[in-house]
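Below: the structure, in structure tokens.
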Amino acid sequence: MKRYWEIDALRGLMLVLMTFTHLPTRFTDPLGQPFGFVSAAEGFVLLSAFVAGLVYTRISDSRGVDAMRRAFWQRALKVYLAQAATLLFLFTIITRVGLRIDQPAVKNLLSFYLAHPLEGFGYSLLLVYEPALLDILPMYIFFMLMSPWVLAFALRHGWTGVMAASAALWGLAQFGFSEWLYGLAVHHLHMPVPFREMGAFNAFAWQFLWFAGLWMGASRHAPDAEPFRFPKWLVALAVGAALYGLWWRHHGINGQAPFGGDEEMNLLFDKWQLGPLRIFNLVVLGIVTVRFGPALMRRLPRLHALEAMGSASLPVFCAHLVAVLLVLAFYGDNQTARPWWGDVLLLAVVFAGLYGVARVALWCGERRRARIGYRDTGAIDSSV
């Protein structure tokens, strides 16, 4: 299967931006949402879904729907094991260090677990309790488990019904669908986990972004598939809107809060609910990227470090979480805890470590494929 190095490089860039955002340094605010009111998380989810649509549609065509389902489930299991390993690191090493030095950032991060360790540990393995920073992989697992059924239906009946249902679910999520389901779970199952401890991402909203990416990837699977093209007037409008969003983000008086203290208006750009204006900002950035990105990539040198990190996205993502948790445990969440040269040194060490993790993961993958035969293993490993 053709490897899209441009997508690997873009996913690597998203991982770099996530690291800048999550590590508490002087670079956190300037590099948070650098292109407008859209974060690296949206780009990473959309790109991962796009690659998944390409990869798993190919498996369905070549080996059948059952093989495609097994591939999705195997990948979901791998992501789950990565989540479980990260949780174990958090509940042991980070908890011990944080309590030993009385670190408020760790205590705040683990408030429910520290108050209810058995329930916290059990419900975290059930992907119900999701501490901050560890709430994106459970959402991925949810998407990976749903995707084989959705993809099989769409390949047979078309994407119109799928995307209409996905958009309807996104709309319900904007009006409290998750909270309503949580209330039912508490009433009938007596679940002790508070709603705020179940992850910041509203998966019922974010599924729209995932399935949109899955649809775009599946539509690009055919060898004769035409590239995405947009009319000139739409490109011009997208460029204008993208530039305005960029200016507003960096020169508006409220920084990353577009409407300052107006919480109701800020919901239109809300990250966790995937607000409508945030989707609009993402769409116009996507149009600009598709229109001008290929020409730009032909003129730039290939960024092999970003490609490597994007190709090994799962181990690199987990390694970035380990780095962020260690910094929180030892330094707290104060962005000015170190001098500027200390932040530069810290970031250099972290990014060198992430690149090293990527190279080791890719080397292990190559050895495994050489041992068992290529088949679709490499393509599956690149999907998330």
Side-chain angles (χ1 to χ4, degrees), residues 1-16 18-19 44-45 47-89 125 127 134 136-138 140-145 147-148 151 213-214 217-218 221 302-323 350-384:
M1 183 176 183
K2 178 183 177 182
R3 184 97 196 182
Y4 290 87
W5 67 266
E6 303 93 337
I7 292 181
D8 284 337
L10 282 174
R11 288 203 298 177
L13 176 62
M14 297 302 109
L15 288 166
V16 167
M18 284 185 199
T19 305
F44 190 78
V45 169
L47 289 168
S48 296
F50 180 87
V51 175
L54 279 171
V55 170
Y56 294 103
T57 302
R58 174 180 183 260
I59 294 174
S60 177
D61 286 353
S62 63
R63 292 158 50 193
V65 172
D66 289 340
M68 179 264 289
R69 288 198 182 103
R70 287 193 299 271
F72 264 118
W73 292 337
Q74 288 169 5
R75 187 59 179 172
L77 177 61
K78 189 172 184 178
V79 177
Y80 176 82
L81 293 176
Q83 173 75 359
T86 310
L87 284 167
L88 184 62
F89 175 76
L125 293 180
L127 306 181
L134 276 77
I136 193 168
L137 290 186
Y140 268 104
I141 295 167
F142 173 62
F143 295 157
M144 297 295 283
L145 292 176
S147 290
L151 186 58
L214 199 70
H221 162 64
R302 287 183 64 168
L303 303 174
H304 294 287
L306 290 181
E307 289 180 47
M309 288 193 285
S311 299
S313 55
L314 180 59
V316 171
F317 179 82
C318 293
H320 117 277
L321 286 180
V322 169
V350 169
F351 284 125
L354 296 184
Y355 179 67
V357 168
R359 296 309 312 176
V360 170
L362 293 176
W363 178 78
C364 292
E366 290 171 1
R367 285 180 59 87
R368 180 164 60 94
R369 287 192 292 275
R371 186 171 64 250
I372 65 176
Y374 177 71
R375 293 185 296 176
D376 289 300
T377 307
I380 294 171
D381 285 347
S382 71
S383 62
V384 176

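In this text the structure is predicted, and so the values were computed from the model without any measurement.
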For [X], what residues pass the side-chain contact (heavy atoms from CB on, under 4.5 Å) criterion, not counting sequence neighbours?
{"X": "Thr57", "value": "Asp61, Leu151, Leu155, Ala218, His221"}
{"X": "Ala323", "value": "Val350"}
{"X": "Ala67", "value": "Ile59, Arg63, Arg70"}

With a 4.5 Å heavy-atom cut-off, do [X] and [Y] have their side chains touching?
{"X": "Phe317", "Y": "Leu137", "value": "yes"}
{"X": "Lys78", "Y": "Leu81", "value": "no"}
{"X": "Arg75", "Y": "Leu314", "value": "yes"}
{"X": "Trp73", "Y": "Pro148", "value": "yes"}
{"X": "Ser48", "Y": "Phe44", "value": "yes"}
{"X": "Leu303", "Y": "Trp5", "value": "no"}

Per-pair distances, 0.1 Å, donor-acceptor, side chain in residues 351-367, under 3.5 Å, sequence neighbours excluded:
none

* **All salt bridge (Lys or Arg N to Asp or Glu O under 4.0 Å) counterparts of Asp66, not counting sequence neighbours** => Arg69

* Asked: Excluding sequence neighbours, so at least two apart, what forms ring pair (Phe, Tyr, Trp, His ring centres under 6.0 Å) with Phe50?
  -> none

